[in-house]
Colleague: 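Okay, here's the structure, questions in a sec.
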Number of protein chains: 2
Amino acid sequence: MKQITKYIIKNSLKRIFLYRACLSRLRMMGVEKVFSYTLAHETGVTSEQVRKDFSEFGIKGNKRGGYNTNELLEVMENIFHRNKEQNIVLIGMGNLGIALSKHGQFFQRNMNIVATFDIDPFKQKVRSNIPVYSLSRLKEIIDRFKVKVVILAVPEISAQEVADELIRLGIKGIVNFAPVLLKVPNDVIINNVNLCNELESVIYYVHKQIKADGSKNLEILYTGMKY
Amino acid sequence: MKQITKYIIKNSLKRIFLYRACLSRLRMMGVEKVFSYTLAHETGVTSEQVRKDFSEFGIKGNKRGGYNTNELLEVMENIFHRNKEQNIVLIGMGNLGIALSKHGQFFQRNMNIVATFDIDPFKQKVRSNIPVYSLSRLKEIIDRFKVKVVILAVPEISAQEVADELIRLGIKGIVNFAPVLLKVPNDVIINNVNLCNELESVIYYVHKQIKADGSKNLEILYTGMKY
DNA sequence: GAATTGATGTGAAACAAATCACAAAATATA
DNA sequence: TATATTTTGTGATTTGTTTCACATCAATTC
Ligand SMILES: NC(=O)c1ccc[n+]([C@@H]2O[C@H](COP(=O)([O-])OP(=O)(O)OC[C@H]3O[C@@H](n4cnc5c(N)ncnc54)[C@H](O)[C@@H]3O)[C@@H](O)[C@H]2O)c1
Ligand SMILES: NC(=O)c1ccc[n+]([C@@H]2O[C@H](COP(=O)([O-])OP(=O)(O)OC[C@H]3O[C@@H](n4cnc5c(N)ncnc54)[C@H](O)[C@@H]3O)[C@@H](O)[C@H]2O)c1
């Protein structure tokens, strides 16, 4: 059994997210030009790493002149398809689903939750400004809004069957909050987010008394990676 | 600037979570003995990887006999300090905080949210069965319950100041949901969970049309890692 | 306009992680 | 009891990622 090998490696993708967040902040502060070491310092990586990551995504700067903040952000928005809006659907309007549906940052980042779905008729009323539908309208909405990616926030027990149906309807990517390993075809991307594990990791490392060995600005360590 | 190097590597830790979830399921089904290839098959990694991971955590099996399900789970519970209850505090009872506070799995996994805090007096009433306090009682609760780890679900703008205060009060680990890189001392573990990024990663990979190249059972790929 | 400075960009080297290959051990079989 | 079988455990190898080192170029200074 072989694992996926060649794609833009996950670590550098994660770091690109960091750089972008940092750049947005710098732009707001009116900074027009950044250097690899600026980003490096702000994000706790090395400047070579920043440049290597950029080179992986084909991002070029100006010798001696660093990078233009606006241009750099624009390139990144293209990488992430932020130029055109992404229509997303959310399944499961329980505790977590409601919180996610109210989260404004998805929309700010051009990811538009066009509709949510729940099996429970009691949940099928409008909360905030996103409609809650019965699953019977899933196909209609997915087709109408050309939805390719969903957020799955249903109980563990239902996750697989809902995923099967979603894939049947043409969904190609799932952010899955249920603590199960979904069985899906090879061309479907699954991103499992397991918040219990995230908390438990922290407890583990706190108990282990892990120390940052003399590094001076190591702000973040462990979401998924030590990025 | 040097990155952290030697600790139980994150990838194997993540996989250990997978193995454990799988083992729990197998135990419920009455399976008493497992082999590395059983776990491997269920979790989509190789059997050598399973054994290498086990060896990293000092887990031993029986030559030819595989591993005893119960013993293995017990060893893992020790690794994760599941034998004794972990007291956790949650800061920020907004949309996300409420959802998390209602999430039963933390408690099932021995992570007990003993109290939640919010700056807004309106939020300071009991929801579900976890009390919501004013921040003035933070020290009292942290001391009383010997809390070392918190979940931080406050707005981006407040995250740093709240984190500073928490660390002053002796907190050593933070699961941070705000999209900021917290500046913290080296001995504090931060786990940044950025749900926008998780969604955006999926969109990125779906657009890239990443294919699993012929691997037959590649269920999960990308939470943080390709684990 | 030549020399200097300060950045990028990238092969080479070092390091880290995953896979391979097989010895060792435990059990089953004859 | 000897032999075959099955599975673990781990060095050796391969593959992947980060860091190093420096050529290259653009701007600045003399
Ligand atoms: N609440 C949290 O903070 C949290 C944290 C981590 C993980 N999770 C996970 O996220 C998932 C949702 O958690 P929750 O707390 O919101 O649970 P919940 O029970 O509050 O909500 C689940 C919702 O899904 C709906 N549902 C059930 N079956 C469905 C189906 N077949 N199709 C569509 N909708 C269906 C239910 O009606 C309900 O509204 C669970 O798998 C849980 O383990 C939740
Ligand atoms: N809602 C989501 O699904 C979601 C998803 C991803 C990330 N996040 C992030 O999680 C955080 C919380 O999100 P939310 O949607 O729950 O926001 P929210 O505004 O609904 O809740 C924030 C809560 O924090 C409280 N608060 C503010 N300042 C505080 C302080 N100094 N001390 C204590 N409490 C304070 C507020 O009173 C409020 O109740 C934000 O940083 C957000 O970006 C939320």
Side-chain angles (χ1 to χ4, degrees), chain A residues 1-16 18-19 31-41 43-69 71-72 75 213-215 218 221 224-227, chain B residues 1-16 18-19 31-41 43-69 71-72 75 213-218 220-222 224-227:
Chain A
M1 188 185 309
K2 251 181 105 246
Q3 294 282 20
I4 280 184
T5 49
K6 199 47 200 169
Y7 47 87
I8 299 285
I9 51 172
K10 192 65 206 295
N11 292 4
S12 57
L13 183 61
K14 286 223 148 189
R15 286 190 302 260
I16 292 279
L18 282 185
Y19 306 148
V31 178
E32 283 171 13
K33 202 166 74 171
V34 294
F35 303 108
S36 57
Y37 58 78
T38 323
L39 291 171
H41 182 262
T43 54
V45 303
T46 66
S47 57
E48 302 91 322
Q49 183 79 79
V50 173
R51 296 198 300 276
K52 259 272 148 78
D53 289 338
F54 283 4
S55 108
E56 184 150 20
F57 285 88
I59 296 171
K60 297 276 173 189
N62 316 301
K63 289 263 165 78
R64 179 147 193 185
Y67 306 82
N68 176 285
T69 312
E71 282 174 22
L72 197 46
V75 172
D213 46 46
S215 82
L218 198 64
L221 293 182
M225 264 265 85
K226 67 167 177 170
Y227 61 145
Chain B
M1 186 184 313
K2 255 184 101 244
Q3 294 283 19
I4 280 184
T5 49
K6 199 49 199 170
Y7 47 87
I8 297 288
I9 51 170
K10 190 65 206 296
N11 293 4
S12 57
L13 182 61
K14 287 222 147 191
R15 285 189 302 259
I16 292 280
L18 283 186
Y19 306 148
V31 177
E32 282 171 15
K33 202 167 74 172
V34 294
F35 302 109
S36 58
Y37 57 77
T38 322
L39 290 171
H41 182 262
T43 55
V45 303
T46 65
S47 58
E48 302 90 321
Q49 183 78 79
V50 173
R51 297 197 299 274
K52 259 270 149 76
D53 289 338
F54 283 4
S55 107
E56 184 149 21
F57 286 87
I59 296 172
K60 297 277 174 190
N62 316 301
K63 291 263 165 79
R64 180 149 190 181
Y67 306 82
N68 176 284
T69 312
E71 280 175 23
L72 196 46
V75 172
D213 47 43
S215 84
K216 65 174 158 58
N217 191 23
L218 198 64
I220 26 86
L221 293 182
Y222 296 118
M225 264 267 83
K226 67 167 178 170
Y227 64 138

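The chains referred to below are lettered A, B, ... by the order of the sequence lines, with proteins before strands, and numbering in each begins at 1. Quick note: numbers below take in every heavy atom, side chains included, and nothing from hydrogens, waters or symmetry partners.
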Colleague: Give the minimum heavy-atom separation between B:T69 and B:V31, together with the two atoms involved.
Modeller: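 That closest heavy-atom pairing would be OG1-O, 3.0 Å.
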Colleague: Measure from CZ on B:F57 to P on C:dA17 and round the result to the nearest Å.
Modeller: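 Value for this atom pair: 12 Å.
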Colleague: Of all the heavy-atom pairs spanning B:S12 and B:D53, show the shortest one and how long it is.
Modeller: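 Smallest heavy-atom distance, with atoms named: CB-OD1, 3.2 Å.
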Colleague: Looking only at non-hydrogen atoms, find the nearest pair between A:G65 and A:K33 and report the distance.
Modeller: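 Reported closest heavy-atom pair: O-CD, 3.2 Å.
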Colleague: To the nearest 0.5 Å, what is the distance between CD on A:Q49 and NZ on A:K52?
Modeller: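 It comes to 9.0 Å.
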Colleague: Distance from B:E56 atom CD to B:L13 atom CG, nearest 0.5 Å?
Modeller: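 Here the interatomic distance stands at 9.5 Å.
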Colleague: I need the CD-P distance between B:E56 and D:dT8, as an integer number of Å.
Modeller: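 Those two atoms, CD and P, are 18 Å apart.
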Colleague: Using OP1 and OP2 only, check whether a side-chain N or O of A:Q49 sits under 4.0 Å from D:dT19.
Modeller: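 For A:Q49, the contact criterion (side-chain N or O under 4.0 Å from OP1 or OP2 of D:dT19) is met.
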Colleague: Considering residues at least two apart in sequence or located in another chain, which fulfil the ring pair (Phe, Tyr, Trp, His ring centres under 6.0 Å) criterion with B:Y67?
Modeller: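 For B:Y67 the ring pair (Phe, Tyr, Trp, His ring centres under 6.0 Å) partners, ignoring immediate neighbours, are B:F54.
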Colleague: Classify every nucleotide of nucleotides 4-13 of chain C by which part a protein heavy atom approaches to under 4.0 Å, writing B for the base, S for the sugar-phosphate alone and - for neither, in 5'-to-3' order.
Modeller: -BBBBBSBB-
Colleague: Rounded to whole Å, please give me the gap between CG in B:D53 and P in D:dG9.
Modeller: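 It works out to 13 Å between those atoms.
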Colleague: Given atom CG of A:N11 and atom C1' of D:dT18, what is their separation to the nearest angstrom?
Modeller: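 Computing the A:N11:CG to D:dT18:C1' distance gives 10 Å.
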